[in-house]
> 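Got a structure for you, written out below as structure tokens; questions coming shortly.
Sequence lines set the chain letters: A, B, ... in the order given, protein chains first and strands last, and positions in each chain run from 1.
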Number of protein chains: 2
Amino acid sequence: MQGNLRRSQSERREQTQRALVSAARALFAEKGFAGTSTPEIVTAAGVTRGALYHHFADKLALFEAVVEEEHLLVSMSINAAESDEEPGPIKALLAGCDAFLNAMQDSGRRQIMLIDAPAVLGRAKVDEIDARHGMETLVCGLRDAMDAGALRKVPVEALAQLFGAMFDRAALAAPEDVADYRKSIKALIRGLKA
Amino acid sequence: MQGNLRRSQSERREQTQRALVSAARALFAEKGFAGTSTPEIVTAAGVTRGALYHHFADKLALFEAVVEEEHLLVSMSINAAESDEEPGPIKALLAGCDAFLNAMQDSGRRQIMLIDAPAVLGRAKVDEIDARHGMETLVCGLRDAMDAGALRKVPVEALAQLFGAMFDRAALAAPEDVADYRKSIKALIRGLKA
DNA sequence: CCATATTATGTACATACCGTATGTATTTTA
DNA sequence: TAAAATACATACGGTATGTACATAATATGG
């Protein structure tokens with residue numbers, strides 16, 4: 001009963017890891033980190049806890065893998081949306097904001113990235129993670145806008161963090177309020193014009 | 001051995017509740033919600049778990065009490081600072097921001113209010129809690145500024161949430177970066193001038 | 001003032017989860 | 001093909017949480 005399903009180690013590895021991360025992402029999304037047990041996860045993934053603890057140091061490491069993947073998906077989604085044309089740095093900023101809010105439509109994604117991640121991984125880790133993803137492009141966008149004279153000169157890193165915080169909050173707003181948030185953000189950006 | 005320490009029920013009640021909340025606040029501040037066990041808490045408080053579960057439905061309810069008290073302390077601290085004079089609504093806003101950042105100096109307070117609370121209680125509960133405390137004054141301040149013609153007209157509720165998000169992020173910044181955050185916030189507010 | 005009800009607190013227990021240790025199977029390597 | 005390495009499964013210990021039950025302390029009413 002082993003002939004037909006002979007897999008290489010890297011195949012086995014990748015398959016079970018993917019199964020684990022996928023199942024974990026679904027459960028974390030639905031019930032949060034604390035509300036999800038490792039027995040649940042491995043059952044959903046069709047493996048045992050032994051496999052989990054072979055591939056991941058602990059429940060936290062698995063969660064981190066989930067968060068990492070989610071960040072990747074978000075930044076890909078944003079990059080895909082923004083690449084078109086560039087009718088000015090401020091328009092680009094607004095477009096980036098919209099792309100982010102779009103990517104954050106998924107409530108499980110909000111739970112994982114915005115609610116649980118800071119508490120579970122710590123803010124330092126979260127900062128490190130999204131410094132590696134979306135933050136960079138945001139900072140660059142702001143810096144370019146300032147160098148081009150479109151935006152007032154302000155400490156970019158801090159400003160980017162502040163925008164990030166606003167975007168996160170807007171993403172968590174009730175659907176019927178999103179328009180208001182967007183309007184306010186727009187006004188704030190417009191107000192920064194040089 | 002009971003004569004000299006005879007206490008009324010309400011006294012007993014208040015004393016043990018205070019002991020529990022106080023001990024819990026210290027431990028949650030130091031080690032976070034998940035990293036703190038109820039045995040630890042009751043030991044520090046000098047009671048037993050039976051007392052805890054008599055006065056609080058569960059560990060979560062105790063945490064909620066801690067958060068509630070912390071919010072109260074913060075809003076008191078802010079109100080105490082702002083009452084002096086009013087050299088204009090924008091100055092008042094900046095002053096309020098500074099007062100908040102000052103109140104948030106305590107790292108345990110940051111852990112409880114900004115890191116753990118959203119994940120443990122859920123964002124809806126957190127919103128409800130600080131709608132009852134600082135948010136109200138912030139909204140009023142903004143509305144007054146708009147009505148006075150000092151600020152551009154923007155959806156106030158949303159704007160207040162965005163400012164709240166920025167203040168929270170600024171409070172979590174590394175101490176050496178706070179000045180940059182403050183500068184950026186100032187620029188954002190200035191930009192909103194009508 | 002006493003008996004009883006009510007409230008506060010303490011103890012014991014059942015359940016669940018996490019991480020580890022150990023054992024087994026599968027794949028790679030020599 | 002034998003041995004080493006890797007992947008996976010099972011069993012266990014320790015600890016935490018919430019509850020059920022028992023005891024002690026206060027309040028209440030006759």
> Both B:Ala57 and B:Ser8 contact DNA chain D. Which one's nearest nucleotide lies toward the 5' end?
B:Ala57
> If you find the nucleotide of DNA chain D closest to A:Val47 and the one closest to B:Asp58, which residue's nucleotide is nearer the 5' end?
A:Val47
> Calculate the interatomic distance between B:Glu14 atom CD and C:dA8 atom P; express it in whole Å.
12 Å
> So what does B:Thr48 touch, heavy atoms closer than 4.0 Å: a base, only the sugar-phosphate, or nothing?
base
> Would you say B:Ser37 places a side-chain N or O within less than 4.0 Å of OP1 or OP2 belonging to D:dA16?
yes
> Can you find a side chain N or O atom of B:Arg12 that sits less than 4.0 Å from OP1 or OP2 on C:dA8?
no
> Where the side chain of A:Thr36 meets the backbone of A:Leu27, is there a donor-acceptor pair that is under 3.5 Å apart?
yes
> How long is the line joining CD1 of A:Ile41 and P of C:dC17, in whole Å?
11 Å
> Starting at atom OH of A:Tyr53, determine the distance to atom P of D:dA11, rounded to an integer number of angstrom.
18 Å
> Please state how far atom NE2 in B:His54 lies from atom P in C:dT11, giving the value in whole angstrom units.
16 Å
> Would you please say whether a donor-acceptor pair under 3.5 Å links the side chains of B:Thr43 and B:Glu40?
no
> Does a distance-only test, which skips hydrogens and angles, find a donor-acceptor pair under 3.5 Å between the side chain of B:Arg49 and the base of D:dG18?
yes
> So which nucleotide from D:dT6, D:dT17, C:dT20 ends up closest to the side chain of A:Gln9?
D:dT6
> To the nearest angstrom, how far is A:Arg7 atom CZ from C:dA25 atom C1'?
12 Å
> Between A:Phe28 and A:Phe63, what is the ring plane arrangement, given parallel below 30°, perpendicular above 60°, and tilted in between?
perpendicular
> Does NZ or CZ of B:Lys59 fall inside the cone over B:Phe33's six-membered ring, less than 6.0 Å from its centre and within 45° of the axis?
yes
> Please confirm whether the backbone N or O of B:Val156 pairs with a side-chain atom of B:Arg143, one donor and one acceptor, at under 3.5 Å?
no
> Report yes if a side-chain nitrogen or oxygen of B:Thr38 is closer than 4.0 Å to either non-bridging phosphate oxygen (OP1 or OP2) of D:dT17; otherwise report no.
yes
> Could you tell me whether the phosphate oxygens of C:dT9, OP1 or OP2, come under 4.0 Å of any side-chain nitrogen or oxygen in B:His55?
yes
> Rounded to whole angstrom units, what separation is found between the CG atom of A:Leu52 and the C1' atom of C:dC18?
11 Å
> Find the distance B:Phe56:CZ to D:dT19:C1' and express it as a whole number of Å.
18 Å
> Would you mind reading off the distance between B:Gln15 atom CD and C:dT9 atom P, rounded to a whole angstrom?
9 Å
> Categorize B:Thr36 for me: base, sugar-phosphate, or nothing, with a 4.0 angstrom heavy-atom threshold over every strand shown.
sugar-phosphate
